[in-house]
Amino acid sequence: VGTNKHLAELHDELDKVRAAPGSPDGYANGEEGTPAGDAAAAYTPDSKGVVKFGWIKGVLVRCMLNIWGVMLFIRLSWIVGQAGIGMGLTVFSSLFPKGLSVLVIGMATVVTTITGLSTSAIATNGFVRGGNAIFMKFLKLSLLWSIHFNVAEGQRGAYYLISRSLGPEFGGAIGLIFAFANAVAVAMYVVGFAETVVELLKENGTLMIDEMNDIRIIGAITVVILLGISIAGMEWEAKAQIVLLVILILAIGDFVIGTFIPLESKKPKGFFGYNADIFMENFGPDFRQEETFFSVFAIFFPAATGILAGANISGDLADPQSAIPKGTLLAILITTMVYVGIAVSVGSCVVRDATGNVNDTIVTELANCTSAACKLNYDFSSCQSQAGAGCHYGLMNNFQVMSMVSGFAPLISAGIFSATLSSALASLVSAPKIFQALCKDSIYPGFQMFAKGYGKNNEPLRGYILTFLIALGFILIAELNVIAPIISNFFLASYALINFSVFHASLAKSPGWRPAFKYYNMWISLIGAILCCIVMFVINWWAALLTYVIVLGLYIYVTYKKPDVNWGSSTQALTYLNALQHSIRLSGVEDHVKNFRPQCLIMTGAPSARPALLHLVHAFTKNVGLMICGHVHMGPRRQAMKELSTDLAKYQRWLIKNKMKAFYAPVHAEDLRDGGQYLMQAAGLGRMRPNTLVVGFKKNWRQGDMRDVETYINLFHDAFDVQYGVVVIRLKEGLDISHLQLHLMIFKTIKQNTSKPKFHPMFFPDSKSSSSPLNVADQRLLDASCQFQKKQGKSNIDVWWLFDDGGLTLLIPYLITTKKKWKDCKIRVFIGGKINRIDHDRRAMATLLSKFRIDFSDIMVLGDINTKPKKENIAAFEEMIEPFRLHEDDKEQEVADKMKEDEPWRITDNELELYKTKTYRQIRLNELLKEHSSTANIIVMSLPVARKGAVSSALYMAWLEVLSKDLPPILLVRGNHQSVLTFYS
């Protein structure tokens, strides 16, 4: 959808440019332009007045603002205290479990770097609609939203990146997860803000209740204010984001400067300045309160996110193909160096535990003076013996260490406030818009109410309220260390899917996958995806498992519902590639009788015109064999070609909508026979080619042009010539409902637009009312067209196996009974035999069916099959064929020969006498059918075959007519004498 819309926009603008006055051909100098030039020219009008960002302001600054957040100021020091400083990222960390802080940062960097490479590949493979066409509509909408594109903005883009790459199945799942993750992110940032405010209140002795409840109160008030701001909207200059970055850089610089100014007043709180003893003491991990490496990593990981900020505004970048990789990867490098630098600095200056008591200085030398603080003349052993429980300062106990170390603490507070409030507001605005974008894609119809927007900016007010309620619920937890791992879980899931998107797109080898960024590798992306999944599981196995289950459940739901979207995803490309490879592989394998399946070419015309024919054939081809709906267009070629292209899309959609697993194949030909020959020769691919021709019985053969009957009969002979089987299906009411399409259309419209409709009988197929405007025949035809769509009750499928055609006559009814709608039906088998051998023939047939492993309820041997039919039925047959007889004995020889030459379908007296036995057999079989099978759901019977050129078309049609008239739905089947059943395993 996204790509098609962009192309459509370009073509529309191109048409405008070409239509500009001044040149007949639309070009100023009458010269032809290149496609690339045309596209650029077409896109220029939309770009007028729009500021294009360079890689620094557009990507680098945004990503750095996203990555430097609340964790940098109020949790990094605690992470250093728990995990230790580290001597660099090493693969041998499991052997030397010391200094894991840098490993925490390093692992996050590995994940984000791989994801950054994958993001660069996706973002440079065309426009990211989340960034330009939709996302940036809200650029100047609300407070700080336009100036601080935090991780929440990245997640909305992640929805577009994943959904447009992997398709709606994964895209819909990750869209829901991200909407929820951004709502939780609001809580994380607000709690970080409230935690800092409560710390300031605590220092001044002005707590309202206690620390936990004060965080809840301040957080709740803050999120209410932010909700009001986000709904009301305020315009800010985009340049303000530079101001924010300056504040953050000054805050970081303030900390660095403070590390070189160890004031005496700060030493009781654990800050002594750079010291080798402190560095060595803090080098190794000291996990407390049941923390582990991965739990600490989970708390830190949200600090490393935000790498998608640049990709999301790709449409507003001057050169996105260069800016996104350069800005994103450089931002990861700079922020990682800053995180590592601060981790090393704070770990070299501040001890893990301190009392804050100025009286804890050492006056006399202690016997066991081993700690760094002791060597610096401070005795914090009182809290160290309690594992920090009695201390309120130091890396492990004070989340405001950076403020304490800094040269000017208010600047650190300003950095925290700017980072947390702007990020919280951005998330609060982003989450509803993610959800609204997801709902507008109509992937989950149950959430459609959240797609509605209000005002000129289409604000998702319902989404705001939902986000507010979710955020408020998590704010009441009031613990940043509990909220952060939840967000880490969702971020890791998103990064896993982004990396998997690149791997999947590369694996699919789609010609449309042409990223301008070349420094990616599909296998590294796969490793990144696997790493994210493993880390998710190690951090919190039940949360990861729950996320996997949610994604899988949503994937199955969308796969089953099949939303009407087409995003040109890699899933489509890989499906095509797999189908192509398997088709080629299959073509090199010889057919085997065990793998035979009826693959049907149905001469339906327009598929919607003969639904009963389609549904009955679908009953034995669904999930078993190929089904192709052949449609022969006749008439002027130019008009037919237009109809072919429109009908192909129209009727294939109709088949999919009606859950028919079939293909639509239209052709243009001079007549039906030529079209049938084209289809039989060319339809299908490799081994997936039709082997059975299915046609409806030509009910009006006596009233129509007999040349059409000749064409119809010749189709059978053509099918046998190319080794096809033939199935003729007859319903006594008929098959073609094309003249009733208008009634069905009105019926469906009323059904869709009326909550409790009281349908007029003319619109309701099951109506038996005599007041219906439809005549009785049409009403019955309409009823019959729906009969195979319903569950069939406990009845019989009668098989009249009169000729050995390879077993197709037995295989079809068996396949029908395997379907859910037909499972209650039993197979009864009828065969011909002699009166004195009925029991023997029955046992022989039962043995044969058992070897074929076909269940049956009864076998009937017809000993009177060759009995002469009733006189009245013979008379009725003779009356039926009378208009088609030649009566050459009553005419002169020349006249008779001339008439036979002009009308070869006529029945000669000699022919009638020659085939009298066969004629009587068809009449007699109809009598037996009425006697034994009048209550069957369907009848499957061997099709009588006439030798080509020996039997006139009129006589053959008369045989079929008299054989199948006034019966339940009947399938006349004749295989091509190729065995389709086998005894052997």
Side-chain angles (χ1 to χ4, degrees), residues 575 578-602 616-628 660-663 680-681 683-694 719-729 797-823 825-831 843-859 938 940-943 945 971-985:
T575 301
N578 287 336
L580 180 61
Q581 290 175 343
H582 284 92
S583 297
I584 293 172
R585 189 180 306 165
L586 191 63
S587 65
V589 179
E590 292 296 327
D591 289 331
H592 194 281
V593 61
K594 288 194 295 184
N595 293 325
F596 178 88
R597 55 197 69 215
Q599 305 199 108
C600 298
L601 170 62
I602 318 174
L616 185 52
V617 176
H618 196 242
F620 61 86
T621 60
K622 180 183 178 182
N623 297 328
V624 174
L626 183 67
M627 176 171 160
I628 297 178
M660 307 292 290
K661 297 187 177 182
F663 299 95
M680 284 185 278
Q681 293 176 61
L685 181 69
R687 293 290 176 191
M688 294 190 298
R689 300 176 64 85
N691 54 29
T692 306
L693 176 70
V694 181
F720 291 132
D721 288 343
V722 291
Q723 298 299 304
Y724 272 50
V726 174
V727 178
V728 180
I729 298 177
I797 297 177
D798 285 354
V799 180
W800 291 64
W801 195 22
L802 306 178
F803 308 99
D804 181 9
D805 59 353
L808 186 62
T809 307
L810 278 175
L811 181 62
I812 287 177
Y814 164 74
L815 292 175
I816 291 176
T817 58
T818 62
K819 299 302 183 288
K820 188 176 180 180
K821 291 178 181 176
W822 296 85
K823 67 178 182 179
C825 294
K826 304 297 183 182
I827 294 178
R828 294 193 305 179
V829 179
F830 295 81
I831 59 173
R843 285 194 299 270
M845 189 64 191
T847 302
L848 185 64
L849 292 177
S850 297
K851 289 182 178 180
F852 285 147
R853 303 171 303 284
I854 293 178
D855 292 332
F856 59 91
S857 63
D858 194 11
I859 296 175
I938 57 171
V940 181
M941 187 176 197
S942 299
L943 172 71
V945 176
L971 285 74
L972 300 173
V973 179
R974 179 57 71 98
N976 61 2
H977 296 283
Q978 172 190 348
S979 294
V980 302
L981 297 172
T982 179
F983 299 158
Y984 306 107
S985 60

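Computed from a predicted model, the values in this text were never measured in an experiment.
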Give the intermediate values and the outcome of side-chain contact (heavy atoms from CB on, under 4.5 Å) for residues K661 and M627. CA-CA 7 Å; K661 297 187 177 182; M627 176 171 160; over 6 Å; no
Nearest-0.5 Å distance that lies between atom [atom1] in [X] and atom [atom2] in [Y]:
{"X": "E590", "Y": "R687", "atom1": "CD", "atom2": "CZ", "answer": "5.0 Å"}
{"X": "L810", "Y": "L849", "atom1": "CG", "atom2": "CG", "answer": "6.0 Å"}
{"X": "I938", "Y": "I816", "atom1": "CD1", "atom2": "CD1", "answer": "3.5 Å"}
{"X": "L971", "Y": "L943", "atom1": "CG", "atom2": "CG", "answer": "11.0 Å"}
{"X": "L693", "Y": "R974", "atom1": "CG", "atom2": "CZ", "answer": "14.5 Å"}
{"X": "N578", "Y": "S583", "atom1": "CG", "atom2": "OG", "answer": "10.0 Å"}

Might you point out which heavy atoms bring [X] and [Y] nearest each other, and give the distance in Å?
{"X": "Y724", "Y": "N976", "value": "O-CB, 3.6 Å"}
{"X": "V940", "Y": "T809", "value": "CG1-O, 3.6 Å"}
{"X": "V726", "Y": "A719", "value": "CG2-CB, 3.7 Å"}
{"X": "P813", "Y": "I797", "value": "CB-CG2, 3.8 Å"}
{"X": "G684", "Y": "I628", "value": "N-CD1, 3.9 Å"}

With R585 via side-chain contact (heavy atoms from CB on, under 4.5 Å) - residues at least two apart: H582
Run the side-chain contact (heavy atoms from CB on, under 4.5 Å) check on L811 and F620 step by step: do they pass? CA-CA 9 Å; L811 181 62; F620 61 86; over 6 Å; no
Side chains of [X] and [Y] in contact at under 4.5 Å (non-hydrogen atoms):
{"X": "M660", "Y": "V617", "value": "no"}
{"X": "F856", "Y": "M845", "value": "no"}
{"X": "V727", "Y": "C600", "value": "no"}
{"X": "N595", "Y": "V589", "value": "no"}

Would a distance-only check, ignoring hydrogens and angles, find a side-chain to backbone donor-acceptor pair under 3.5 Å from [X] to [Y]?
{"X": "S857", "Y": "I827", "result": "yes"}
{"X": "R597", "Y": "T621", "result": "no"}
{"X": "Q599", "Y": "N691", "result": "no"}

Would one find more than 12 heavy atoms of other residues, nucleotides or ligands at under 6.0 Å from atom NZ of K826? no
Which residue pairs pass the ring-ring contact (aromatic ring centres under 6.0 Å, His included) test when at least one of the two sits in residues 800-819, sequence neighbours left out? W800-F830
Test V624 against K819 for side-chain contact (heavy atoms from CB on, under 4.5 Å), laying out the working first. CA-CA 11 Å; V624 174; K819 299 302 183 288; 3.7 Å; yes
Given side-chain contact (heavy atoms from CB on, under 4.5 Å), test L802 with M941 step by step and report yes or no. CA-CA 7 Å; L802 306 178; M941 187 176 197; 3.7 Å; yes
